[in-house]
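Down below is the structure, laid out as structure tokens.
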Amino acid sequence: MESFEFSTELVPGLPNELGLECLTRLPYTAHRLASGVCHRWRDLFQSPDFHYHRKKLGYTQKIACLVQAFSGGTVNGPKRPGELPSYGISVFESLNRGWYRLPPVPKYPNGLPLFCQLASCEGKLVVMGGWNPVSYDPVADVFIYDFTTQQWRQGKDMPSKRSFFAIGACSGRVYIAGGHDENKNALRTAWVYDLRKDEWDQLGELSKERDECEGVVIGEDEFWVVSGYGTERQGQFDGSADVYEFKSGEWRVAEGIWEPGQCPRSSVGIGKGGKLMNWAELDTAVRVGARGIMLGGRVLVTGSEYQGGPHGFYMVEVKEGQIGKLEKINVPDEFSVFVQSGCFVEI
């Protein structure tokens, strides 16, 4: 976005170009308060074009949004034996190493849908799918969190209920593929959600069924649907990927890009030369339950050394495709727990 048009001055006494530059430099934590100054400021701060303007000039910040169990395992008192814990979204700000929790989704005040998927789109957090936390039935819900207003809104439901699907986002759209339906049948279908239009469009089918696959967006070029397995091959993870090219709108198959038999869920990263890598292979400290969230030139990596072991949090430097060593970071006790899934949001 090269220019904005305003009928009146953004900041009294200043040319609009200078007023815009002043507001562009406000940290995102001040946007909600600044939005209350006047309607012009509110419309500006909530505009996707303003987000891209700040991104172009280098004033955005990447944060990590993580799905974690609540402290004590629930919101309203202890769980009964056999019940799953309640989950919420934790936020890690890499610049100041600060942690906080997002408010609950109004439809699910006592915890997110279990195994829901996260993606970021135009400075907003998108939550899709999963299981109803009370009935454990699959849901098609879509929720969007706006960091400027600090409020949730509900988007148009996914075309069908699905769980454990691949997800990724690019240029205002969220891509989903694979997973399984409410009857636990593995899926081949893929869809794209347009955040601004609140509409879904089908992307055709994958080359094969891919349950428990992982989604990775590489640059602004491709959406990779990595590994997974078919209905009749429960747990037998495939070594290939289906790749959707944004420009051509076509799918292709990439063979031999993942270790057959290994679950790719949240473990897939982008390493040297843009190649896929497994975060669990970085260090023995994160070989179990590894997760990696790209935060610009650094990666937040979480995981355990052994099954049931304490969960560690680390920062890793990524420079010119080279992966550095793990740097352990101090995390408050309530956030030092297993990370079920996550993504970065540029705000």
Side-chain angles (χ1 to χ4, degrees), residues 47-49 51-52 55 65 67 113 115-130 138-146 152-182 185-228 240-254 257 264-266 268 270 274 276 294 341-347:
S47 165
D49 291 331
H51 166 75
Y52 286 117
K55 181 177 179 180
C65 292
V67 176
F115 311 114
C116 60
Q117 300 285 54
L118 305 186
S120 63
C121 203
E122 297 187 330
K124 298 175 177 60
L125 176 67
V126 182
V127 179
M128 293 184 174
V139 299
D141 294 319
V142 174
F143 302 102
I144 300 101
Y145 185 78
D146 189 319
W152 289 98
R153 66 178 173 87
Q154 188 158 2
K156 187 174 182 180
D157 283 357
M158 295 191 299
S160 62
K161 299 175 181 179
R162 69 177 66 206
S163 307
F164 298 97
F165 52 91
I167 190 169
C170 184
S171 301
R173 295 176 175 85
V174 180
Y175 298 82
I176 65 171
H180 66 249
D181 62 18
E182 53 195 319
N185 293 315
L187 299 170
R188 294 177 58 184
T189 52
W191 294 80
V192 58
Y193 174 68
D194 189 304
L195 184 66
R196 297 196 196 188
K197 297 179 180 179
D198 193 29
E199 293 179 353
W200 286 92
D201 289 303
Q202 192 163 8
L203 295 179
E205 291 193 338
L206 308 176
S207 64
K208 61 182 67 177
E209 297 173 341
R210 294 188 185 274
D211 195 4
E212 293 197 54
C213 49
E214 180 70 3
V216 180
V217 171
I218 298 183
E220 296 186 355
D221 302 313
E222 297 173 333
F223 172 51
W224 286 58
V225 183
V226 181
S227 191
S240 68
D242 280 290
V243 183
Y244 181 76
E245 298 178 355
F246 296 138
K247 289 183 179 180
S248 68
E250 300 292 332
W251 288 96
R252 62 181 173 86
V253 177
I257 53 83
R265 300 296 298 165
S266 299
V268 182
I270 303 173
L276 299 184
M294 301 290 294
S341 62
C343 72
F344 78 85
V345 181
E346 189 167 3
I347 53 179

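Proximity of Ile167 to Leu118: side-chain heavy atoms (C-beta onward) are nowhere separated by under 4.5 Å. Side-chain atoms of Val253 and Asp242, non-hydrogen and from C-beta on, do get closer than 4.5 Å to each other. Here the side chains of Leu203 and Tyr175 are in contact, with some heavy-atom distance below 4.5 Å. Side-chain contact between Ile257 and Val226: present, with at least one pair of heavy atoms (C-beta onward) separated by less than 4.5 Å. Between Lys156 and Val142 the shortest side-chain heavy-atom distance does not fall below 4.5 Å. Between Thr189 and Glu205 the shortest side-chain heavy-atom distance falls below 4.5 Å. The shortest side-chain heavy-atom distance between Val345 and Tyr145 does not fall under the 4.5 Å cut-off.
Taking a 6.0 Å sphere around CD of Gln202, one finds it holds more than 12 heavy atoms contributed by other residues, nucleotides or ligands.
Considering CH2 of Trp191 and CZ of Arg173, their distance stands at 15.5 Å, rounded to 0.5 Å. Rounded to the nearest 0.5 Å, atoms OG (Ser163) and CD (Gln117) are 9.0 Å apart. Atoms CG and OH, from Leu206 and Tyr244 in turn, are 12.0 Å apart once rounded to the nearest 0.5 Å. Expressed to the nearest 0.5 Å, how far CH2 of Trp224 lies from CD of Glu245 amounts to 10.0 Å. Note that the CZ atom of Phe223 and the SG atom of Cys170 stand 11.0 Å from one another [nearest 0.5 Å]. Rounded to the nearest 0.5 Å, atoms CD (Glu122) and CG (Asp146) are 11.0 Å apart.
Applying the ring-ring contact (aromatic ring centres under 6.0 Å, His included) criterion to Phe344, with sequence neighbours excluded, gives no partner residue.
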- Determine, step by step, whether Val126 and Met128 satisfy the side chain to side chain contact (heavy atoms under 4.5 Å, CB included) criterion, reporting the C-alpha distance in whole Å, the side-chain angles of both residues, the deciding distance to 0.1 Å, and the verdict. CA-CA 7 Å; Val126 182; Met128 293 184 174; 3.7 Å; yes
- Task: Go through the steps for Asp141 and Asp157 under the test side chain to side chain contact (heavy atoms under 4.5 Å, CB included), then give the verdict.
- Result: CA-CA 5 Å; Asp141 294 319; Asp157 283 357; 3.9 Å; yes
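Donor-acceptor pairing under 3.5 Å is recorded for the side chains of Tyr193 and Asp198.
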